[in-house]
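Proteins get letters first, then strands, A, B, ... in listed order; numbering begins at 1 in each. None of these values were measured; they are calculated from a predicted model.
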Protein chains: 4
Amino acid sequence: MGKKKGPKYNQIIEAAVKVIANHGYHQAQVSKIAKEAGVADGTIYLYFENKEDILTSLFEEKMGDFVRKIRDRMTPNLSIEEKFLLLITMHFEQLQADKHLAIVTQLELRQSNTELRQKINEILKDYLLLLEELLTEGKSSGYFQADLDNRLARQMVFGTLDEVVTNWVMKDCKYNLESSAKPVHKMLMRGFRA
Amino acid sequence: MGKKKGPKYNQIIEAAVKVIANHGYHQAQVSKIAKEAGVADGTIYLYFENKEDILTSLFEEKMGDFVRKIRDRMTPNLSIEEKFLLLITMHFEQLQADKHLAIVTQLELRQSNTELRQKINEILKDYLLLLEELLTEGKSSGYFQADLDNRLARQMVFGTLDEVVTNWVMKDCKYNLESSAKPVHKMLMRGFRA
Amino acid sequence: MGKKKGPKYNQIIEAAVKVIANHGYHQAQVSKIAKEAGVADGTIYLYFENKEDILTSLFEEKMGDFVRKIRDRMTPNLSIEEKFLLLITMHFEQLQADKHLAIVTQLELRQSNTELRQKINEILKDYLLLLEELLTEGKSSGYFQADLDNRLARQMVFGTLDEVVTNWVMKDCKYNLESSAKPVHKMLMRGFRA
Amino acid sequence: MGKKKGPKYNQIIEAAVKVIANHGYHQAQVSKIAKEAGVADGTIYLYFENKEDILTSLFEEKMGDFVRKIRDRMTPNLSIEEKFLLLITMHFEQLQADKHLAIVTQLELRQSNTELRQKINEILKDYLLLLEELLTEGKSSGYFQADLDNRLARQMVFGTLDEVVTNWVMKDCKYNLESSAKPVHKMLMRGFRA
DNA sequence: TATGAATGAGCATTCATTCAT
DNA sequence: CATGAATGAATGCTCATTCAT
């Protein structure tokens with residue numbers, strides 16, 4: 001069980017995103033996801049351990065892509081401020097490009113029980129790690145204040161981006177999100193700059 | 001029904017906080033709350049419309065106190081930076097002083113359905129309003145950058161504080177939260193300062 | 001307990017009729033009846049054993065009046081056919097005059113549990129007795145067929161009247177009921193006549 | 001949901017009849033019906049929308065049979081009086097043959113709320129229609145009085161049969177019901193005859 | 001007498017998961 | 001691999017009745 005891969009694996013994950021975005025977390029029954037994916041209820045359990053595993057895997061796959069794309073474009077020649085601008089811009093860009101996914105990650109998946117939320121935090125660690133790398137680089141290059149607390153600074157970046165995106169989703173994604181990247185970047189950089 | 005008053009009203013709210021903190025949102029059955037409050041199940045419904053009303057009222061009461069206490073101590077003679085330091089310090093202080101409440105507001109109540117979350121957001125508005133007042137004051141006094149976007153700046157403050165507290169709760173509240181107030185304050189003020 | 005009499009006794013019964021007629025049997029809570037009667041919930045129990053006792057007493061009082069009025073006007077000088085016409089006419093007349101009561105006795109009170117229905121049948125016995133008296137009189141005077149089965153004939157009369165009234169109530173009492181007395185009387189008399 | 005078919009559908013209906021007859025309408029919990037039917041509680045909801053749907057379907061199935069059987073044997077060669085005798089006899093016969101069903105339809109199902117009662121009345125319409133057909137036939141053939149009011153005559157027939165059966169059920173079905181068919185038939189026919 | 005706050009038993013329905021085919 | 005019928009545990013809320021005042 002739980003032997004990932006096969007075309008149905010992705011079918012089911014995409015179906016889950018669609019169903020959760022359209023019907024909400026608490027109305028996303030396994031049978032509804034199965035129907036949307038075009039498979040039988042039981043088939044779900046050939047690809048996933050249980051319902052929670054669908055959601056964890058969904059987050060894993062999507063968040064993996066999310067961070068990978070950011071890392072890919074974070075070339076060494078960029079300045080630390082350019083790197084942050086890239087990160088913030090891509091963070092907003094990617095979520096704006098897939099509003100279903102934005103709804104799912106910003107609103108719906110947070111209604112999950114504490115256990116699933118712990119797992120989601122595990123998955124997020126890779127992103128937080130990237131943030132800490134950038135912060136450390138900024139400090140050692142003398143660009144950021146030397147006494148910056150990595151944990152707090154990282155929480156400030158993530159907390160801010162997350163809050164901005166969540167508010168945008170709660171306003172039905174009806175204004176442009178990417179255009180907030182520059183002002184947010186400006187405030188954060190001033191906050192860290194030496 | 002729902003005639004808020006009497007000692008039992010508060011008893012039930014306190015019991016709800018304790019039960020949710022100890023057993024989690026989804027394990028907080030009405031009967032468990034009633035037992036903890038030392039009343040019969042039916043008595044709950046003499047003071048609250050339904051289960052959701054208990055949670056909304058809980059948030060209303062506690063958040064009302066929370067903001068009121070901050071406003072009370074925000075005397076006009078304070079500088080804008082002192083006001084923000086006061087706000088951040090008291091935000092951390094109050095949640096650190098009631099860890100049960102912190103668990104409930106940061107983790108458990110967020111698992112609620114969309115409807116309850118909407119109500120919680122309504123209640124939060126008063127806090128966000130306070131933040132905007134301070135930001136406006138800072139800008140008009142020339143202390144903050146004149147082109148600061150109120151919405152984004154407010155999201156940065158709230159997002160940061162919320163993320164800091166949530167991380168602290170998820171680490172089982174085992175380190176000191178208040179001591180983060182000064183460094184967080186420093187980063188935010190630098191971000192806004194003209 | 002259950003010490004009948006006092007002005008509140010009748011107040012409560014009238015309130016019960018009104019509440020049941022307006023809200024239906026299953027929505028006629030004791031507290032609603034108390035409110036309508038202008039007394040406290042607990043006061044009900046100074047005049048009635050329990051909820052069932054209210055309903056039984058209601059039926060007893062109203063049915064008592066009902067039959068008493070019919071008997072009062074059934075003077076010995078009337079022929080058997082005239083007596084039946086009087087009974088049928090008054091049966092329809094009285095229910096038409098108090099539509100609330102008609103709704104309660106024809107529709108709502110029948111939703112009660114089997115136990116209460118047994119008691120109601122007890123109370124009805126007096127009416128059925130009157131019917132049997134008339135039937136016996138009709139047979140011994142040679143006016144009705146001698147081999148008429150008292151039980152069946154009584155069931156035919158009562159079943160017919162009851163069905164006619166119930167249908168009228170279910171059509172919202174919007175046509176004239178009394179005008180059915182003569183044709184119904186005609187059919188029944190032909191059925192019995194020697 | 002509610003896909004009527006399969007052997008379990010009938011199993012559940014039969015179980016409902018048995019449980020209601022033995023324990024009464026208000027003590028007929030879904031779990032009790034499920035147990036009696038030998039299925040899990042949840043299985044009920046694969047065959048019925050909700051509890052009310054069980055009862056409606058029960059009445060529909062049983063009443064459908066009831067009327068169908070009568071219509072089947074009502075061959076055109078019969079005289080109008082023979083047709084009525086057939087109807088009355090079969091009405092009594094069928095209920096006497098299934099005393100559980102008689103208890104359920106005469107006593108228990110009448111305790112249901114107004115909504116279900118409306119549905120039951122809908123289902124009964126087919127039977128009342130049959131009665132009106134016979135009455136019309138009797139009048140146009142000159143056998144019944146030309147000025148017979150169809151509605152009142154129908155109410156007399158149905159009210160009488162219903163009252164006779166209900167009394168029999170309330171006396172615990174302990175005397176013979178069918179033997180009442182002839183005398184009842186005689187009284188009714190005299191009532192209508194030209 | 002009269003009050004009304006407090007009690008607490010009772011139940012329809014959903015849905016993640018299994019397993020025989 | 002795939003199916004989908006069957007399972008059964010779990011819970012918010014109502015309301016007749018009591019009893020301290």
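Counting heavy atoms from C-beta outward, Lys18(D) and Glu36(D) have side chains that approach closer than 4.5 Å. Between Leu95(A) and Thr105(A), the closest side-chain pair of non-hydrogen atoms falls below 4.5 Å. Looking at Met170(B) and Arg117(A), their side chains never come closer than 4.5 Å, going by heavy atoms from C-beta outward. Annotation: side chain of Phe59(D) is in contact with side chain of Leu124(D) (closest heavy-atom distance under 4.5 Å). Counting heavy atoms from C-beta outward, Lys32(D) and Lys35(D) have side chains that stay 4.5 Å or more apart. Here the side chains of His100(D) and Asn22(D) are in contact, with some heavy-atom distance below 4.5 Å.
Nucleic acid contact class of Lys35(A) (heavy atoms, under 4.0 Å, all strands): none.
In this structure, Ile12(A) atom CD1 and dC1(F) atom P are separated by 12 Å, rounded to whole Å. Atom CD of Gln11(C) is separated from atom C1' of dA2(E) by 13 Å (rounded to the nearest Å). One can place CG of Leu46(A) at 12 Å from C1' of dC19(E), the figure rounded to the nearest angstrom. When the C1' atom of dT3(F) is taken as reference, atom CD1 of Ile44(A) falls 12 Å away, rounded to whole Å. One interatomic measurement links the two molecules: NZ of Lys32(D) to C1' of dG8(F), which rounds to 18 Å at whole-angstrom precision.
Base pairing in DNA chain F gives the following stems of 3 or more Watson-Crick or G-U pairs, range against range and under 3.5 Å: E:2-21 with F:2-21.
For the pair Lys119(A) and Glu52(A), the salt-bridge criterion is met [side-chain N within less than 4.0 Å of a carboxylate O].
Listed pair Tyr47(D) / dA5(F) fails the phosphate criterion, with no side-chain N or O lying under 4.0 Å from OP1 or OP2. In this structure, Lys8(A) reaches the dA2(F) phosphate: one of its side-chain N or O atoms is under 4.0 Å from OP1 or OP2.
A donor-acceptor contact under 3.5 angstrom links the side chains of Tyr9(D) and Glu61(D), judged on distance only. Side chains of Glu14(B) and Gln11(B): no donor on one and acceptor on the other come within 3.5 Å.
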Close N or O pairs between protein and nucleotides 14-17 of chain E (under 3.5 Å):
{"from": "dC15(E)", "atom 1": "OP1", "to": "Gln29(A)", "atom 2": "NE2", "distance (Å)": "2.9"}
{"from": "dC15(E)", "atom 1": "OP2", "to": "Gln29(A)", "atom 2": "NE2", "distance (Å)": "3.2"}
{"from": "dA16(E)", "atom 1": "OP1", "to": "Lys51(A)", "atom 2": "NZ", "distance (Å)": "3.0"}
{"from": "dA16(E)", "atom 1": "OP2", "to": "Val30(A)", "atom 2": "N", "distance (Å)": "2.8"}
{"from": "dT17(E)", "atom 1": "OP2", "to": "Tyr45(A)", "atom 2": "OH", "distance (Å)": "3.0"}
{"from": "dT17(E)", "atom 1": "OP2", "to": "Lys51(A)", "atom 2": "N", "distance (Å)": "2.9"}

